[in-house]
Amino acid sequence: IYTIKWSPTGSLTNNPNTPLILASASFDATIKLWDPEPGKCVHTLTAHNDPVYSVAFSPNGEYLASGSFDKCLHIWSVKDGKLVQTYEGGGGIFEVCWNKDGDKVAACFSNNTVCVIDFVSGKPI
């Protein structure tokens, strides 16, 4: 496991009616979504081909962005674990993050570029 992130959901959050989830990203190119209460893996996300260095939940907790050294930014549905969107950049991805409104995702690449993706269109801005 390389990194972990908590979802912005659960009691005492802005999204109290959505369950709390923990995401883990790994060198084996997988991402796991965990229900922390029983410690149970609810989804294993497997579209990356190289280590996953970064994951970030959308502000409403409905989506998870992931970045890998395979040059792909993937966006997943947290609810069903399905791949929603993919953007391929010019280098491995070290970090991904959402804006506060949840309509843009940024990624920084190993080729010294930063790209902002419009979540609605799936295209770079």
Side-chain angles (χ1 to χ4, degrees):
I1 295 173
Y2 183 76
T3 189
I4 56 173
K5 293 283 169 46
W6 288 105
S7 65
T9 56
S11 63
L12 304 176
T13 71
N14 290 336
N15 310 296
N17 297 324
T18 305
L20 182 65
I21 296 288
L22 180 66
S24 63
S26 200
F27 288 110
D28 68 1
T30 66
I31 301 153
K32 294 187 184 294
L33 301 181
W34 301 88
D35 179 340
E37 287 300 318
K40 178 183 165 199
C41 178
V42 293
H43 297 296
T44 300
L45 314 178
T46 60
H48 285 294
N49 296 313
D50 283 314
V52 181
Y53 286 98
S54 181
V55 290
F57 284 95
S58 62
N60 64 8
E62 291 181 21
Y63 299 99
L64 181 78
S66 62
S68 167
F69 227 67
D70 64 5
K71 304 178 184 178
C72 290
L73 165 67
H74 291 319
I75 299 176
W76 310 83
S77 165
V78 172
K79 183 176 182 178
D80 60 18
K82 293 192 188 294
L83 185 60
V84 174
Q85 203 171 98
T86 296
Y87 174 79
E88 187 169 349
I93 299 174
F94 290 115
E95 189 68 41
V96 296
C97 66
W98 293 84
N99 71 334
K100 68 177 180 66
D101 295 325
D103 60 354
K104 294 175 185 62
V105 184
C108 64
F109 296 85
S110 63
N111 65 347
N112 296 320
T113 61
V114 172
C115 187
V116 178
I117 309 298
D118 181 281
F119 179 52
V120 176
S121 72
K123 299 186 188 293
I125 296 175

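Both backbone and side-chain heavy atoms feed into the values below; hydrogens, waters and symmetry mates do not.
Relative ring orientation between F69 and Y53 is described as perpendicular, the plane-to-plane angle rising above 60° on a 0-90° scale split at 30° and 60°.
What you find for T13 and P8 is that their closest heavy atoms are OG1-O, 3.6 Å. Nearest heavy atom pair, residue W34 against residue S24, reads NE1-OG, 3.0 Å. Minimum interatomic distance between L33 and L64 (heavy atoms only, all atoms of both residues): CD2-CD2, 3.9 Å. When all heavy atoms of T3 and K5 are compared, the pair lying nearest together is OG1-NZ, 4.3 Å. The nearest pair of heavy atoms linking S26 to I1 is OG-N, 3.5 Å. Here the shortest heavy-atom pairing between W76 and G81 reads CE3-O, 3.7 Å.
Residue D70 holds its CG atom at 7.0 Å from CD1 of I93, rounded to the nearest 0.5 Å. We find the CG-CH2 distance between L22 and W6 to be 4.5 Å, quoted to the nearest 0.5 Å.
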Let me have the donor-acceptor pairs involving side chains of residues 114-122, under 3.5 Å, with sequence neighbours excluded, atom names and distances please.
residue, atom, partner, partner atom, Å
D118, OD1, V120, N, 3.0
D118, OD1, S121, N, 2.8
D118, OD1, S121, OG, 3.4
S121, OG, K123, N, 3.2

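The shortest side-chain heavy-atom distance between E62 and V78 does not fall under the 4.5 Å cut-off. In this structure the side chain of P19 never reaches within 4.5 angstrom of the side chain of D35, judged on heavy atoms. By the 4.5 Å heavy-atom criterion applied to side chains, S54 and V96 are counted as neighbours. Within the 4.5 Å cutoff, side-chain heavy atoms of I31 are placed close to those of H48. By the 4.5 Å heavy-atom criterion applied to side chains, V105 and Y87 are not counted as neighbours.
S110 places no side-chain N or O within 3.5 Å of a backbone atom of G91 that could act as its donor or acceptor partner. Side-chain atoms of N49 never come within 3.5 Å of backbone atoms of S68 as a donor-acceptor pair (strictly under, hydrogens ignored). Checked by atom type and distance alone, the side chain of N99 pairs as donor or acceptor with a backbone atom of K104 at under 3.5 Å. Of the possible polar contacts, none joining the K32 side chain to the C41 backbone as a donor-acceptor pair under 3.5 Å is found. Checking side-chain atoms of S66 against main-chain N and O of V55 turns up no donor-acceptor pair under 3.5 Å.
Around the NZ atom of K79, the shell of radius 6.0 Å holds no more than 12 heavy atoms that belong to other residues, nucleotides or ligands. Crowding of E88 atom CD: a count of heavy atoms from other residues, nucleotides or ligands under 6.0 Å exceeding 12. Surrounding OH of Y2 are at most 12 heavy atoms belonging to other residues, nucleotides or ligands under 6.0 Å away.
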Show, in sequence, the C-alpha distance, side-chain angles and deciding distance for W98 and I75, and conclude whether the side chain to side chain contact (heavy atoms under 4.5 Å, CB included) test is met.
CA-CA 11 Å; W98 293 84; I75 299 176; 4.1 Å; yes
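Counted by atom type alone, D28 and T30 present one or more donor-acceptor pairs between their side chains at under 3.5 Å. Residues S77 and D80 bring a donor and an acceptor atom of their side chains to less than 3.5 Å of each other.
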